[in-house]
Protein chains: 2
Amino acid sequence: MKNRILEVAQILFSRCGYAGTSINDIAQQVGTSKAGIYYHFRSKEAILDEVLSQPMKDLSQLIEQAKKNHFKEEQLLRAYINGIVKSGKVMYELWNDLSIQDQLQHHQINEQCEELVYLLAGSQPSESDLVRARAAMAVAQTAIQFIANGDGSIDKKIQTELLNAALRVLN
Amino acid sequence: MKNRILEVAQILFSRCGYAGTSINDIAQQVGTSKAGIYYHFRSKEAILDEVLSQPMKDLSQLIEQAKKNHFKEEQLLRAYINGIVKSGKVMYELWNDLSIQDQLQHHQINEQCEELVYLLAGSQPSESDLVRARAAMAVAQTAIQFIANGDGSIDKKIQTELLNAALRVLN
DNA sequence: GTCTATAAGGGGATAGAC
DNA sequence: GTCTATCCCCTTATAGAC
């Protein structure tokens, strides 16, 4: 049941935003009552926390791996795109949700992103390197637009196209 | 007074999102009362409408000009970036505000964006062309991140860097 | 034009029955 | 575990005094 709630919350949060989704909306979609939700979660914020936690773990892990194995730019961008697809677009939609900047900050999302930017920009990056790194990540993030609404996957050809585009941005 | 309200609303909407900004917030920042706001606007939605209208006009105008004068990719992207900077980042922050998708649709933002994508992708675009066009626009949109919070401008060097990056994406 | 006061409704959250 | 009923607060919006 708890997992069912998280699934629904994930979908509604990334469709209507956090502020635009009420506990009632979640309860109805799950097929229960508000109090039913509150048996499993102490607050609405707690739901968001759990929704964000898995994609955040993945992102941290990606960064760790990239550091340990000295990922090339291509490997890094490829893994980043895979992460976006895997998280079912939740994270990267909520990314821009201005109504939850505090929680996002609590999950240190900006810090993690900055780490990625610096990994992409190389050692001792110039200002230009940093601008290009940020732009490359933006290209990778457009993957969201191409995630099939049905099975949540993304066409291989498009994925390759995006990867190449991101690499061209860097150089 | 009405203009002052619009200014404040613009800032708060793009900082906290539409749902995250209450009429009270706006009133306090302006230095008046809720009813004071409602003397000038019939509803909160009406405020959003007016906030969006100017950047939307600019965007329409850009598309019209680009069509009439057969803008090259570079001209188009440059003008697009200028528009983002000029609009004081409002539009392009609200762009991703999931709590106002209805209003955005009413302003036909998606349609306008599609027009831009197709202008960038060239005539008879392949699927790859379209993917690259969307990616290039994403690069241009990262300009938001570099807009100085102080005077709302953007460093010329960064702007050029972004333009070149977007052009590399296309080819 | 701008205020205070208030209505009407929805939000998150809790109590207590079953 | 899940429900109904309820609380309290905040939101949008309006009425009416000044």
Side-chain angles (χ1 to χ4, degrees), chain A residues 1-53 90-91 93-107, chain B residues 1-53 90-91 93-107:
Chain A
M1 188 66 206
K2 191 170 174 180
N3 283 334
R4 171 114 183 82
I5 294 173
L6 284 172
E7 275 173 38
V8 169
Q10 192 178 36
I11 293 169
L12 292 183
F13 285 165
S14 49
R15 184 191 299 156
C16 316
Y18 178 74
T21 304
S22 73
I23 299 284
N24 218 352
D25 294 334
I26 298 173
Q28 284 189 333
Q29 190 71 26
V30 169
T32 181
S33 62
K34 279 197 287 183
I37 303 287
Y38 279 98
Y39 175 79
H40 296 282
F41 296 91
R42 73 183 59 177
S43 69
K44 186 184 177 186
E45 208 178 319
I47 300 176
L48 176 63
D49 258 16
E50 290 211 29
V51 165
L52 288 176
S53 69
V90 201
M91 183 134 188
E93 288 283 355
L94 289 178
W95 208 273
N96 299 303
D97 192 328
L98 296 169
S99 68
I100 54 168
Q101 288 307 306
D102 292 348
Q103 280 97 317
L104 293 178
Q105 205 134 34
H106 174 253
H107 281 271
Chain B
M1 188 65 205
K2 192 171 174 180
N3 284 335
R4 171 114 185 81
I5 294 172
L6 285 172
E7 275 173 37
V8 169
Q10 192 177 36
I11 293 169
L12 292 183
F13 284 165
S14 49
R15 183 190 299 156
C16 315
Y18 178 74
T21 305
S22 72
I23 299 283
N24 215 356
D25 295 334
I26 299 172
Q28 284 190 332
Q29 190 71 26
V30 169
T32 181
S33 64
K34 281 192 287 182
I37 303 288
Y38 278 99
Y39 176 77
H40 296 281
F41 297 91
R42 72 182 61 177
S43 69
K44 186 184 176 186
E45 208 179 318
I47 300 176
L48 176 63
D49 257 16
E50 289 211 30
V51 165
L52 289 176
S53 68
V90 201
M91 182 135 188
E93 288 283 356
L94 289 178
W95 209 273
N96 298 303
D97 192 327
L98 296 170
S99 67
I100 55 168
Q101 288 308 306
D102 291 349
Q103 281 96 316
L104 292 177
Q105 205 134 35
H106 175 251
H107 281 272

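Just so it is clear, the values below take in all heavy atoms, side chains as well, and ignore hydrogens, waters and symmetry mates. Chain letters run A, B, ... following the sequence lines, proteins first and then strands; every chain starts at 1.
- Taking the side chain to side chain contact (heavy atoms under 4.5 Å, CB included) definition, one finds that Q29(B) meets it with V8(B), L12(B), sequence neighbours left out.
- The shortest heavy-atom contact between Y18(A) and S99(A) is CB-OG, 4.1 Å.
- Rounded to an integer number of Å, the gap from CZ of F41(B) to P of dT2(C) is 12 Å.
- Under the side chain to side chain contact (heavy atoms under 4.5 Å, CB included) criterion, L98(B) pairs with E93(A), Q101(B), sequence neighbours left out.
- Of the candidates dT2(C), dT2(D), dC3(C), the closest approach to any side-chain atom of T32(B) belongs to dC3(C).
- Closest non-hydrogen pair, L94(A) versus F13(A), comes out as CD2-O, 3.6 Å.
- Between the CD1 atom of I37(A) and the P atom of dG1(D) there is a distance of 15 Å, rounded to whole Å.
- Looking at every heavy atom in both residues, G20(A) comes nearest to D25(A) through O-OD2, 3.9 Å.
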Look for any protein N or O under 3.5 Å of an N or O in nucleotides 11-17 of chain D and output each such pair with its distance, or none.
from	atom 1	to	atom 2	distance (Å)
dT12(D)	OP1	I23(B)	N	3.4
dT12(D)	OP1	K44(B)	NZ	3.0
dT12(D)	OP2	I23(B)	N	2.9
dT12(D)	O4	K34(B)	NZ	3.3
dA13(D)	OP2	Y38(B)	OH	2.7
dA13(D)	OP2	K44(B)	N	2.8
dA13(D)	O5'	Y38(B)	OH	3.4
dA13(D)	N6	K34(B)	NZ	3.2

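- Residues F41(A) and I47(A) come closest through the heavy atom pair CG-CG1, 3.5 Å.
- Applying the 4.0 Å criterion to OP1 and OP2 of dC3(C), one finds that S33(B) has a side-chain N or O inside that range.
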